[in-house]
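What follows is a single structure, written as structure tokens, with notes after it.
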Amino acid sequence: MLEELLGKSRQALREYCQGLGGPAYRGTQIYHALYAGRRFDFARMTDLPLKFRAQLSREARISLPEVLRRYASGDGSVRYLFSLAAENSRPASVEAVFMPSDGRQTVCISTQAGCAVDCRFCLTARLGLIRNLSAGEILAQVLLPLEEHKDRLAEQTNVVLMGQGEPLLNYEAVLAAVRIMLDGEGLGFSARHVTLSTSGILPGIERLAAEPIRPKLAVSLNASTDEQRDAIMPINRKYPLRALMEVCRRYPLRPWERLTFEYVLLGGVNDAPEDARRVVRLLSHLRAKVNLIPWNPADLPFSEPAPERVEEFRRILSEKGVPVFVRVSRGRDVMAACGQLASL
Ligand code: SAH
Ligand code: SF4
């Protein structure tokens, strides 16, 4: 069995190199080559001695998921469909979306193939959970698109863990990948530019709160009462609004940080002015901002909110002093927008 190196931490790579009989600093060199240099081929790790490279080629591998398809949107974003190694003879594929814009690029990545959380408005839920991704598979979704666009990269890279899957239900692999993203010797991103979005898995949020190195947190609120939230997000029966808001109040924000709440606007379901007023009350005493996401059409029994409702909702929050943004999803023409990822 060849040892998989992609996804390993610096410490793990150092120990691995020592195990091969080399000095530990070779592990640091590989770490740097993989994540900062995006060199996925031992032959290109020219700072390693030739003999050691030959040994690595015999004993280890760096496997990147295969790009099955690229879907280019008219707005410049690209949806990648990756095939993953089959597990328990179940083949899996997963998606990431690369979105260039002025001065930065944003990569939206998946943390699981499919998702078990079963939100009614989300196409990914239809897949069920296929499997968890490894840290290497999570990182590859950032590394590959960056490498492909390397001649046109803007200074700043944002990563959002908002593709397929519930990140806090694949905690270990997600955090291992995030630590490498946020490490100056790894991908070197700033914690301000990496955002993990959760449907509200309370034990996961509490665990994240205790991490010395962590991304920003976004919570998918999506409803203003338990009754509504129960109906569209079954996870609310396990972790209801009151408990969710309590954990959010205790969440230790860094001085520069706000909690983000995402709110998918479903036409006629949760987009009334009373909903907006209830959201204001839920978020009082929190340093928060709200991203309103007009529902992206998918083959599901919901409809898009009327533009006037979106504007009214936004205005109510804004007038009450809640920072609020309307997120027009990108890549809708190639099914790359929020909630449209379903491995097709
Ligand atoms: N599983 C995590 C992260 C992935 S979903 C979570 O649920 O937070 C990312 C965001 O897309 C969530 O806020 C979710 O509520 C939203 N979303 C899901 N389906 C959508 C759709 N069809 N249109 C717009 N947003 C959607
Ligand atoms: Fe899973 Fe998020 Fe979709 Fe809900 S919205 S089913 S948690 S991916």
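Because the structure is predicted, anything quoted here is derived from the model rather than measured. Whatever order the structure lists them in is the order used to number ligands and atoms, beginning at 1. Below, all heavy atoms of this structure are taken into account, side chains as well, without hydrogens, waters or symmetry copies. By convention here, the first residue in the shown sequence is residue 1.
Contact annotation: for Phe121 versus ligand 1, heavy atoms closer than 4.0 Å belong to both the backbone and the side chain. Residue-level proximity to ligand 1 for Asn222 is carried by the side chain, the only part with a heavy atom below 4.0 angstrom. Contact annotation for Asn296 and ligand 1: heavy atoms of both the backbone and the side chain come within less than 4.0 Å of the ligand.
Selection from Ser110, Ala125, Gly200, Gly165 by nearest heavy atom to atom 1 (N) of ligand 1 gives Gly165. Of all the listed residues (Ser220, Ser329, Pro294), Ser220 holds the heavy atom that lies closest to atom 12 (C) of ligand 1.
Leu34 places none of its side-chain heavy atoms less than 4.5 Å from the side chain of Arg39. With contacts defined as side-chain heavy-atom distances shorter than 4.5 Å, the pair Glu148/Arg70 qualifies. Looking only at side-chain heavy atoms (C-beta outward), Ile30 and Leu5 come within less than 4.5 Å of each other. Val178 places a side-chain heavy atom less than 4.5 Å from the side chain of Val174.
Heavy-atom proximity to Met162, at under 4.0 Å, picks out these atoms of ligand 1: 3 (C), 4 (C), 5 (S), 9 (C). Atoms of ligand 1 lying under 4.0 Å from any heavy atom of Ile293, numbered from 1 in the order shown and given with element: 24 (C), 25 (N). Of all the atoms in ligand 1, the ones that sit under 4.0 Å from a non-hydrogen atom of Trp295 are 21 (C), 22 (N), 23 (N), 24 (C). Shown in contact with Glu166 at under 4.0 Å from a heavy atom are these atoms of ligand 1, numbered in order with element: 1 (N), 2 (C). In the vicinity of Thr198, heavy-atom distances shorter than 4.0 Å reach the ligand 1 atoms 6 (C), 8 (O).
Applying the 6.0 Å contact sphere to CZ of Arg104 captures no more than 12 heavy atoms from other residues, nucleotides or ligands.
With rounding to the nearest 0.5 Å, the separation of CZ in Phe189 from CG in Leu182 is 9.0 Å.
With respect to atom 2 (C) of ligand 1, the closest heavy atom belonging to the protein is Ser197 O, 3.3 Å. Remark: minimum distance from atom 21 (C) of ligand 1 to any protein heavy atom is reached at Cys338 O, 3.2 Å. From the protein, the heavy atom lying nearest to atom 16 (C) of ligand 1 is Val264 CG2, 3.7 Å. Nearest protein heavy-atom contact of atom 19 (N) of ligand 1 is Gly339 CA, 3.0 Å. The protein atom (non-hydrogen) at minimum distance from atom 10 (C) of ligand 1 is Glu262 OE2, 3.8 Å.
A side-chain donor from one of Asp230 and Asn236 sits under 3.5 Å from a side-chain acceptor of the other. In this structure, a donor-acceptor pair under 3.5 Å is absent between the side chains of Glu172 and Asn132.
Protein N/O/S atoms closer than 2.8 Å to atom 1 (Fe) of ligand 2, listed by chain and residue number, are Cys115 SG.
Arg53 forms no cation-pi arrangement with Phe42, by the criterion of a distance under 6.0 Å to the ring centre and an angle within 45° of the ring axis. Taking the centre and axis of the six-membered ring of Phe302, the NZ or CZ atom of Arg120 falls outside the cone set by 45° and 6.0 Å.
A perpendicular orientation is assigned to the rings of Tyr35 and Tyr31, their planes being inclined by more than 60° (bins at 30° and 60°).
In terms of heavy-atom proximity, Leu153 sits nearest to Leu146 at CD1-O, 3.7 Å.
The shell of residues lying under 4.0 angstrom from ligand 1, judged by heavy atoms, includes Gly163.
Distances between N or O atoms of Pro167 and those of ligand 1 include no value under 3.5 Å.
For Tyr263 and Phe313, the gap between ring centers is short of 6.0 Å.
Of the candidates Val328, Asp271, Leu265, Val264, Leu265 is the only one forming a side chain to side chain contact (heavy atoms under 4.5 Å, CB included) with Leu292.
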